[in-house]
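Step one of this worksheet: look at the structure below.
Each chain gets a letter, A, B and so on, in the order the sequences are listed, and its residues count up from 1.
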Amino acid sequence: MKIRSIPHLISQGFISFFRNGAMTTASIAVLIFCMILPGTFFLLIDNIDRFLEGIDDLYVINAYVMNGAGEEDIRGIEEQISKIEHVSAYTQVTSDEGLEALKERAPSIKEILNRYDSETNPVPHTFKVEFSDFDEVHSIIRDLNAITGIDEVKSQISVYEGANRLKSLFRVIGIWIMVILFVVAILVIMNTVKLTVYSRRQEIAIMRYIGATSAFVIAPFIVEGVIIGIVSAVIALGIQFCLYEITVDMVGTYGGTAILGSFVNDYLVIIALAFLAIGIFSGVVASSICVKKHLNV
Amino acid sequence: MIEFQDVSMAYPNGTEALDRVSLRIEDGEFVFIVGRSGAGKTTLTKLLLREERITSGRLTVNNFRLDRMPARKIPYLRRTMGVVFQDFRLFKNKTVYENVAFAMRVVGEKVSVIRKRVPYFLNLAELTDKADRFPDELSGGEQQRVAFARALANNPQIIIADEPTGNVDPEMSRDILNLLVRINKLGKTVIVVTHDWDLVNYYKKRVITLENGKIVSDRVGINVEHVEQYEAPYVQHSRDTDSEKTENNGGVAE
Ligand SMILES: Nc1ncnc2c1ncn2[C@@H]1O[C@H](COP(=O)(O)OP(=O)(O)O)[C@@H](O)[C@H]1O
Ligand SMILES: [Mg+2]
């Protein structure tokens with residue numbers, strides 16, 4: 001096949017694309033689902049990650065020392081914490097520092113907080129224990145709880161674990177939906193291309209007799225599949241964008257900053273590339289299988 | 001150049017269509033292939049196009065060894081031959097012009113060359129004023145001339161016409177044969193498959209006669225002795241009316 005044949009072959013692909021109206025529309029519809037559903041799950045998962053990143057102290061366990069503990073006790077506790085396995089670092093916030101920080105964070109109750117002095121300060125001395133591996137969190141928490149003089153141990157581990165369960169659920173559903181829809185899309189595109197193969201059967205036979213190469217015969221069908229894929233990707237991207245923007249509007253903002261990521265800045269490029277990849281890949285695969293099956297080339 | 005060396009061909013169902021055929025056709029020759037229905041004529045042209053494969057022997061066409069050539073070379077083999085099929089095999093959804101132009105597009109010819117050469121071949125086939133018609137809007141003879149123009153479009157060395165006079169009147173048959181003779185004068189090898197004895201006798205070219213898949217004669221003019229063996233009515237007819245002429249024209253008896 002020569003380079004100068006390419007414009008002709010592409011125009012043939014377009015002609016077939018527009019000829020099989022109903023089937024082409026069906027192919028595009030299925031492909032759009034094949035893109036938007038996994039796309040939606042991807043956006044959900046990414047926004048869960050974004051939510052987790054927004055949580056303070058996600059990677060920190062707070063261990064509160066019992067009220068009334070003296071400096072001696074605190075040094076003893078510190079020594080025990082330093083011996084716990086998998087603790088990567090820790091810092092301390094004294095009761096006084098804690099009280100000041102609270103006043104900063106919650107200016108509305110500053111008046112009330114001002115009434116406390118270091119004698120009556122209810123904020124406990126706090127150890128902020130950091131770790132590198134989420135798998136070890138539970139054992140660290142157990143060890144912290146075992147230290148006498150530690151009143152309470154708090155972490156965001158349950159939020160983290162809940163979010164992760166949700167993420168893996170979405171990932172599994174998303175992948176399965178994609179696989180199933182992908183198979184359906186391939187079958188529907190194959191049927192669409194088959195219509196073209198049948199309507200051009202005689203023409204193809206004649207082309208062979210006058211010396212057309214297999215590539216020359218096949219190329220328009222592949223082009224037809226690719227066009228179906230690209231058109232689906234463009235439409236799916238538009239729909240995904242609209243759905244996302246509607247969701248962003250509904251979720252709203254928190255303290256003036258958007259809760260969800262921005263479609264254009266955060267997702268447009270990756271989703272566009274993914275949709276095009278899904279579309280072109282399924283178009284090419286479906287056309288190739290179909291041509292192999294219905295034309296012995 | 002075409003060379004059959006001891007070529008046999010059997011269809012998958014066991015029918016022996018050709019049996020140890022050996023023949024050689026040089027570039028620039030004009031050859032009739034005759035024989036009654038089922039003799040193996042069409043099979044022979046199918047082998048030339050590698051539409052079917054030979055079962056044994058050796059077949060060479062324009063430097064392609066067909067018996068051991070990979071399938072991907074078939075398009076390039078076919079481009080060295082222009083075939084006018086009995087049913088013409090025109091593209092029904094393309095105009096006369098596009099039918100000829102498309103053959104050139106298939107081989108990746110330049111658009112500028114296509115624009116120049118198509119009118120030339122349409123003129124040669126006297127179709128210039130029909131360029132924008134579709135095949136269904138043409139008479140059988142006109143469709144056949146389109147098929148000729150298309151067969152010539154890529155300047156093949158060999159032109160093959162399968163039963164070109166099969167469904168036209170005798171006067172038209174002469175026109176078609178005259179066109180083929182003119183093509184032959186351009187230096188092309190011309191192979192005409194036919195059972196039109198009148199025509200074969202008239203032109204006094206090389207005649208290869210097939211019978212039951214075997215070559216039973218290969219000579220210039222018609223072999224009267226073998227004509228005698230045919231029982232089809234049209235042979236009877238041509239012998240009755242033209243026997244004298246046939247002998248006078250140099251049909252040599254064995
Ligand atoms: N596709 C086929 N399958 C099996 N037998 C065939 C096929 N085509 C032709 N034949 C047989 O091969 C022999 C030669 O046929 P063919 O070449 O078509 O003869 P002709 O063109 O001289 O009439 C005949 O006996 C015919 O029945
Ligand atoms: Mg025949």
Can you see whether B:Thr194 engages B:Asp196 through a side-chain donor-acceptor pair at a distance of less than 3.5 angstrom?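 There is no such pair (donor and acceptor under 3.5 Å, judged by atom type) between the side chains of B:Thr194 and B:Asp196.
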According to the interplanar angle, ranging from 0 to 90°, do the rings of A:Tyr267 and A:Tyr244 count as parallel (below 30°), tilted (30 to 60°) or perpendicular (above 60°)?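 Rings of A:Tyr267 and A:Tyr244: perpendicular, as their planes differ by over 60°.
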For [X], is it the side chain, the backbone, both or neither that has a heavy atom under 4.5 Å from a heavy atom of chain A?
X	value
B:Arg150	side chain
B:Lys110	both
B:Ile74	neither

Do any N or O atoms from the side chain of B:Arg53 and from the backbone of B:Asp67 form a donor-acceptor pair under 3.5 angstrom?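 Here the side-chain-to-backbone pair exists.
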Would B:Arg105 and B:Phe102 count as a cation-pi pair here, with the cationic atom under 6.0 angstrom from the ring centre and within 45° of the axis?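 Pair B:Arg105/B:Phe102 does not count as cation-pi.
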